[in-house]
Amino acid sequence: MKKLVTIIAALALVSSAASAQKFGHIDFQETVQLMNQMDEAMDKMAAAQQAASETYQELVQEFQNKMSQYEQKKATWASTPSILQSKERELEDLQNRIREFQETVQQELSEQQQTLMAPIVEAAQQAVNKVAAEKGLAFVFDKANVLYIDAAQSIDITAAVRTELGIPEDRTIESVAAARQA
């Protein structure tokens with residue numbers, strides 16, 4: 001009998017402890033996107049992508065020009081195999097340079113994006129941690145990764161985190177997208 005009473009008491013204690021835990025939620029990705037630091041990071045990424053695109057276009061244009069010249073003079077060069085082979089190797093080398101450039105620039109752009117995003121995500125995470133601690137939350141869930149949130153049992157900390165990060169109330173994804181397109 002004592003065991004049964006002890007088990008029931010333990011279950012009641014666990015049940016009341018679980019119901020005392022507070023839960024919070026936030027749209028973390030949206031919050032990160034609205035941070036002022038994202039504007040600078042996006043500008044840097046756009047500039048890097050533009051420079052990469054221009055360089056790629058220059059390489060492609062060089063290849064097209066050399067290919068056009070090759071096609072026009074191929075019959076003439078056919079009488080001198082060493083010239084023909086040299087021009088074919090030149091085209092092949094240029095194709096390889098273009099391919100290597102694409103691979104390298106993609107990797108560099110990805111690394112640059114990660115480097116630019118790391119401090120922004122870290123600042124957002126610190127703000128979430130601070131707000132969660134202030135509100136006494138046991139867990140904070142990212143709305144984007146949760147299938148269901150009962151608003152009556154979970155606190156939306158988005159506004160508090162936005163305030164902590166200095167994000168104005170009128171700054172929205174739509175206003176940020178419009179400003180970036182302008």
Would you please test L91 and E88 for side-chain contact (heavy atoms from CB on, under 4.5 Å) and show each step?
CA-CA 5 Å; L91 286 170; E88 288 172 350; 5.6 Å; no

Run the side chain to side chain donor-acceptor pair (under 3.5 Å) check on Q126 and E122 step by step: do they pass?
CA-CA 6 Å; Q126 288 175 0; E122 177 65 26; 2.9 Å; yes

Start with the C-alpha distance between S68 and Q72, add both sets of side-chain angles, then the distance that settles side-chain contact (heavy atoms from CB on, under 4.5 Å), and finish with yes or no.
CA-CA 6 Å; S68 177; Q72 290 173 358; 3.7 Å; yes

In sequence, state the C-alpha distance, the side-chain angles, and the governing distance for Q33 and V176, and then conclude on side-chain contact (heavy atoms from CB on, under 4.5 Å).
CA-CA 8 Å; Q33 291 296 319; V176 169; over 6 Å; no

Does Q69 form a side chain to side chain donor-acceptor pair (under 3.5 Å) with N65? I'd like the steps, not just the answer.
CA-CA 6 Å; Q69 179 189 30; N65 291 343; over 6 Å; no

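Atom CD of E90 and atom CD1 of I83 lie 12.0 Å apart (nearest 0.5 Å). Within the model, atoms CG of L59 and CD of E62 stand 6.5 Å from one another, a figure rounded to the nearest 0.5 Å. Here the straight-line distance linking atom CD of Q125 with atom NZ of K130 works out to 14.5 Å at 0.5 Å rounding. To the nearest 0.5 Å, atom CE of residue M117 and atom CD of residue Q114 are 10.5 Å apart. Taking CE of M38 as the reference point, atom CD1 of I167 lies at 10.5 Å (rounded to 0.5 Å). In this structure, CD on E164 lies 10.5 Å from CD1 on I157, to the nearest 0.5 angstrom.
For the residue pair Q50 and E54, a side-chain donor N or O sits within less than 3.5 Å of a side-chain acceptor on the partner. The closest side-chain donor-acceptor pair between E111 and Q107 falls under 3.5 angstrom. N96 and E100 form no side-chain donor-acceptor contact under 3.5 Å, judged by distance and modelled atom types alone.
Every salt bridge (charged side-chain N to carboxylate O under 4.0 Å, His left out) that E40 has, sequence neighbours left out, goes to K44. Scored by the salt bridge (charged side-chain N to carboxylate O under 4.0 Å, His left out) test, D39 finds R171, R180 as partners (sequence neighbours excluded).
Judged purely by atom type and a 3.5 angstrom limit, T31 uses its side chain to pair as donor or acceptor with the backbone of D27.
With contacts defined as side-chain heavy-atom distances shorter than 4.5 Å, the pair I98/Y56 qualifies. A heavy-atom distance below 4.5 Å is not found between the side chains of D93 and R97.
Two different hydrophobic clusters hold M42 and L109 under the rule that ILVMFWY side chains link at heavy-atom gaps under 4.5 Å. Under the 4.5 Å side-chain heavy-atom criterion for ILVMFWY residues, no single connected hydrophobic cluster contains both M45 and V32. Hydrophobic cluster membership differs between F23 and I26, with clusters built from Ile, Leu, Val, Met, Phe, Trp and Tyr side chains linked at under 4.5 angstrom. One hydrophobic cluster holds both W77 and F63 under the rule that ILVMFWY side chains link at heavy-atom gaps under 4.5 Å.
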I'd like a table of donor-acceptor pairs (distance under 3.5 Å, sequence neighbours excluded) in which one partner is a side-chain atom from residues 131-156, with atom names and distances.
{"unit_1": "D142", "atom_1": "OD1", "unit_2": "F28", "atom_2": "N", "d": "3.2"}
{"unit_1": "D142", "atom_1": "OD1", "unit_2": "A144", "atom_2": "N", "d": "3.2"}
{"unit_1": "D150", "atom_1": "OD1", "unit_2": "A152", "atom_2": "N", "d": "3.1"}
{"unit_1": "D150", "atom_1": "OD2", "unit_2": "Q153", "atom_2": "NE2", "d": "3.0"}
{"unit_1": "S154", "atom_1": "OG", "unit_2": "H25", "atom_2": "ND1", "d": "2.6"}
{"unit_1": "D156", "atom_1": "OD1", "unit_2": "T158", "atom_2": "N", "d": "3.0"}
{"unit_1": "D156", "atom_1": "OD1", "unit_2": "T158", "atom_2": "OG1", "d": "2.6"}

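Here the closest heavy-atom approach between residue P119 and residue L116 is recorded as CD-O, 3.5 Å. For R162 against P168, the heavy-atom pair with the smallest separation is NH2-O, 2.6 Å.
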